[in-house]
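Below, each value reflects all heavy atoms present in this structure, side chains not excepted, and no hydrogens, waters or symmetry copies. The chains referred to below are lettered A, B, ... by the order of the sequence lines, with proteins before strands, and numbering in each begins at 1.
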Protein chains: 2
Amino acid sequence: MRVAELSRRSGVSVASIKYYLREGLLPPGELTSPNQAHYDEEHLRRLRLVRALLDVGGLTVAGARDVLATVDDEQVDLHHALGTAQDAVMARVQPVEDDASVRAEKVVADLVARRGWRVTENNAGRRAAVDVLATLDRLGGDQVVGLLDVYAEAMEAVGDREVAAVVDRDEREGSVERVVVGIVLGGALIAALRGMAEESASARRVGPGEQR
Amino acid sequence: MRVAELSRRSGVSVASIKYYLREGLLPPGELTSPNQAHYDEEHLRRLRLVRALLDVGGLTVAGARDVLATVDDEQVDLHHALGTAQDAVMARVQPVEDDASVRAEKVVADLVARRGWRVTENNAGRRAAVDVLATLDRLGGDQVVGLLDVYAEAMEAVGDREVAAVVDRDEREGSVERVVVGIVLGGALIAALRGMAEESASARRVGPGEQR
DNA sequence: CGACGCGGATAGTTCTACTCTCCGTTCATG
DNA sequence: CATGAACGGAGAGTAGAACTATCCGCGTCG
């Protein structure tokens, strides 16, 4: 197919497709002549993946490019792919170094030790956790910190099951893409389900028989 | 204090503070003369909250304004505040209506029924969940869907504990702000901890005795 | 054959979140 | 009391991100 059909089938404008081609999110089509190219089903799949990462996952175009480069890299292992996807999802602000962040680092280090987690110093999640806890410290409220172990418990179960779900498959057949999709869209799904669970719990407190 | 000190103590530029004042994120200072205003500790607290919502929570300025208007509203109840905060966090794309989204709606409805959740039709989390599942459907991979109940289980525990933590306090004394901070920063913290748990689980698979 | 669509390149647009400049006033310092 | 820095307020300007529009010369198809 040519670009017009790719556009029609994906719902993405031709102009945007050309932009993604320029930015390297989408591999170029197979040239049949110097100014005619041909796209296949794989391009359509990829284009849908791009839109999923941007729209649902909230990645930037640059972040999506990094992630997709990892997906295309034949010799990247799943552990490394996981790190790249996490880096793209956690849009980092460079953290300030004050005593709140020092305390937050200690809280995270204690948590890691308490749970026996194997997490490197520069894991994106770890840096993000320090950042959030330092911010909470600066805000002065202790409300969320009391739930830290609740969160950690829940995420440990989730992380174990996720990793198991990836490993319990025949090895390395689109599995990097599965990891990436799992991290990016899984995160969005978890946030959505948390919202539902919170509303549900809150509705029950308001009154068990109430309509709205 | 005047604006220069507010800037120095918060680390936010004077120009940005003026911008937040214009946008209604920060209430105006108390005017001591037509062109001199005085800010207090409350303004400093509020400014830090604004930066937390924007930087860590990833809210837009418009989203933060909506959330802060709820925080300032004396007669809003906690259940409604929860909804407003969720709306701001889930930056919505307007969903397309195709058969993938119809299937996704059914999956979500089944989940809600299976778990006995009380969730309204237009809960932000619910709409976001439909969106994610429809996107996964379009991508054709079933990988994440198999974890749906794992995620739901984890988030049910989290949501119950979070709501309990808010209710088990003396009523309505900055509690709307606590709810908002809990939802926005709690979400960031959960995402961060998931990243850590995933890396940890993945590292264990790679090899129990391995470095780096 | 001729109009429409193509790929490729470059320039322009829109939106967001600031940031800069200007104005007339006021405060702090000597 | 002079004067210069800082103030509040308003408007215009800017940077980056993600498109979007235009143009060009070539291909394809009716």
Side-chain angles (χ1 to χ4, degrees), chain A residues 1-40 43-44 47-68 88-89 91-94, chain B residues 1-40 43-44 47-68 88-89 91-94:
Chain A
M1 76 189 93
R2 285 178 307 179
V3 79
E5 189 180 348
L6 189 60
S7 168
R8 193 178 42 71
R9 288 228 271 157
S10 64
V12 178
S13 74
V14 172
S16 290
I17 293 174
K18 287 185 175 187
Y19 171 63
Y20 297 148
L21 286 166
R22 276 201 302 280
E23 293 297 314
L25 304 194
L26 213 53
E30 192 193 346
L31 286 176
T32 59
S33 46
N35 69 340
Q36 295 290 299
H38 163 255
Y39 305 94
D40 56 20
H43 283 93
L44 182 57
L47 185 51
R48 286 204 253 254
L49 175 58
V50 167
R51 292 317 292 247
L53 295 181
L54 298 182
D55 291 349
V56 182
L59 298 201
T60 61
V61 167
R65 178 176 42 227
D66 293 348
V67 164
L68 291 168
V89 168
R92 291 266 36 81
V93 268
Q94 75 281 11
Chain B
M1 78 189 94
R2 286 180 306 181
V3 78
E5 189 180 347
L6 190 60
S7 168
R8 194 177 41 72
R9 287 229 271 159
S10 63
V12 178
S13 74
V14 173
S16 290
I17 293 174
K18 287 184 174 187
Y19 171 62
Y20 297 149
L21 286 166
R22 277 202 300 279
E23 292 296 316
L25 304 194
L26 213 52
E30 192 194 345
L31 286 176
T32 59
S33 44
N35 70 338
Q36 294 291 299
H38 164 255
Y39 304 93
D40 56 19
H43 282 93
L44 183 58
L47 185 52
R48 287 204 253 254
L49 176 59
V50 167
R51 291 318 290 248
L53 296 179
L54 298 181
D55 291 349
V56 182
L59 299 200
T60 62
V61 167
R65 179 177 42 228
D66 293 349
V67 164
L68 291 168
V89 168
R92 290 266 34 82
V93 268
Q94 76 280 8

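The interatomic distance linking Asn35(B) (CG) with dT25(C) (C1') rounds to 4 Å, in whole Å. When rounded to the nearest whole Å, the span between CG of Leu6(A) and P of dG5(C) equals 17 Å. Rounded to whole Å, the distance from NE2 on His38(A) to P on dC6(C) is 13 Å. For the pair Glu5(B) CD and dC27(C) P, the computed distance is 16 Å after rounding to whole Å.
The CE atom of Met1(B) sits 7.0 Å away from the NE2 atom of His38(B) when rounded to the nearest 0.5 Å. Taking CG of Leu47(A) as the start and CG of Leu6(A) as the end, the distance is 5.5 Å to the nearest 0.5 Å.
Residues that satisfy the side-chain hydrogen bond (donor to acceptor under 3.5 Å, both in side chains) test with Ser7(B), not counting sequence neighbours, are absent from this structure. Partners of Glu23(A) according to the side chain to side chain contact (heavy atoms under 4.5 Å, CB included) rule, which considers only residues two or more places apart in sequence or in another chain, are Tyr19(A), Leu25(A), Val61(A), Arg65(A). Residues passing the salt bridge (Lys or Arg N to Asp or Glu O under 4.0 Å) test with Arg9(A), sequence neighbours excluded: Glu5(A), Glu41(A). Every residue was checked against the side-chain hydrogen bond (donor to acceptor under 3.5 Å, both in side chains) condition with Ser10(A), not counting sequence neighbours, and none meets it. Under the salt bridge (Lys or Arg N to Asp or Glu O under 4.0 Å) criterion, Asp55(A) pairs with Arg51(A), sequence neighbours left out. Residues satisfying the side chain to side chain contact (heavy atoms under 4.5 Å, CB included) test with Thr60(B), not counting sequence neighbours, are Ala62(B). In this structure Asp40(B) satisfies the side-chain hydrogen bond (donor to acceptor under 3.5 Å, both in side chains) test together with His43(B), sequence neighbours excluded.
The one candidate from Leu49(B), Leu26(B), Leu59(B) that meets the side chain to side chain contact (heavy atoms under 4.5 Å, CB included) condition with Leu68(B) is Leu49(B).
Running 5' to 3' along DNA chain D, contacts with non-hydrogen atoms of chain B at under 4.0 Å begin and end at dC7(D) to dG11(D).
A heavy atom closer than 4.0 Å to some atom of DNA chain C occurs in Ser13(B), Ala15(B), Ser16(B), Tyr19(B), Tyr20(B), Arg22(B), these being the qualifying members of residues 10-22 of chain B. Contacts of residues 53-68 of chain A with DNA chain C (heavy atom under 4.0 Å): none.
Summary of the strand contacts: Arg51(B) and Gln36(B) both lie near DNA chain C, and taking for each the nucleotide with the nearest heavy atom, the more 5' one is attributed to Arg51(B).
In terms of heavy atoms, Ala4(B) sits closest to Val14(B) at CA-CG2, 4.4 Å. Considering all non-hydrogen atoms of both residues, Leu31(A) and Ala37(A) come closest at CD2-CB, 3.8 Å. Of all heavy-atom pairs between Val67(A) and Ala88(A), the closest is CG2-CB, 3.4 Å. Of all non-hydrogen atoms in Leu21(A) and Pro27(A), the two that sit nearest each other are CD2-O, 3.4 Å.
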Quick one: do Tyr39(A) and Val3(A) satisfy side chain to side chain contact (heavy atoms under 4.5 Å, CB included)? Show the steps, please. CA-CA 7 Å; Tyr39(A) 305 94; Val3(A) 79; 4.1 Å; yes
Check nucleotides 2-4 of chain C for protein N or O atoms closer than 3.5 Å to its own N or O atoms and list the pairs.
none

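Remark: Ser33(B) is in phosphate contact with dC27(C), judged by side-chain N or O atoms under 4.0 Å from OP1 or OP2.
In this structure, the helix from dC1(C)-dG30(D) to dG30(C)-dC1(D) shows an angle of 10° between the axis at its start and the axis at its end, each fitted on 5 base pairs and rounded to 10°.
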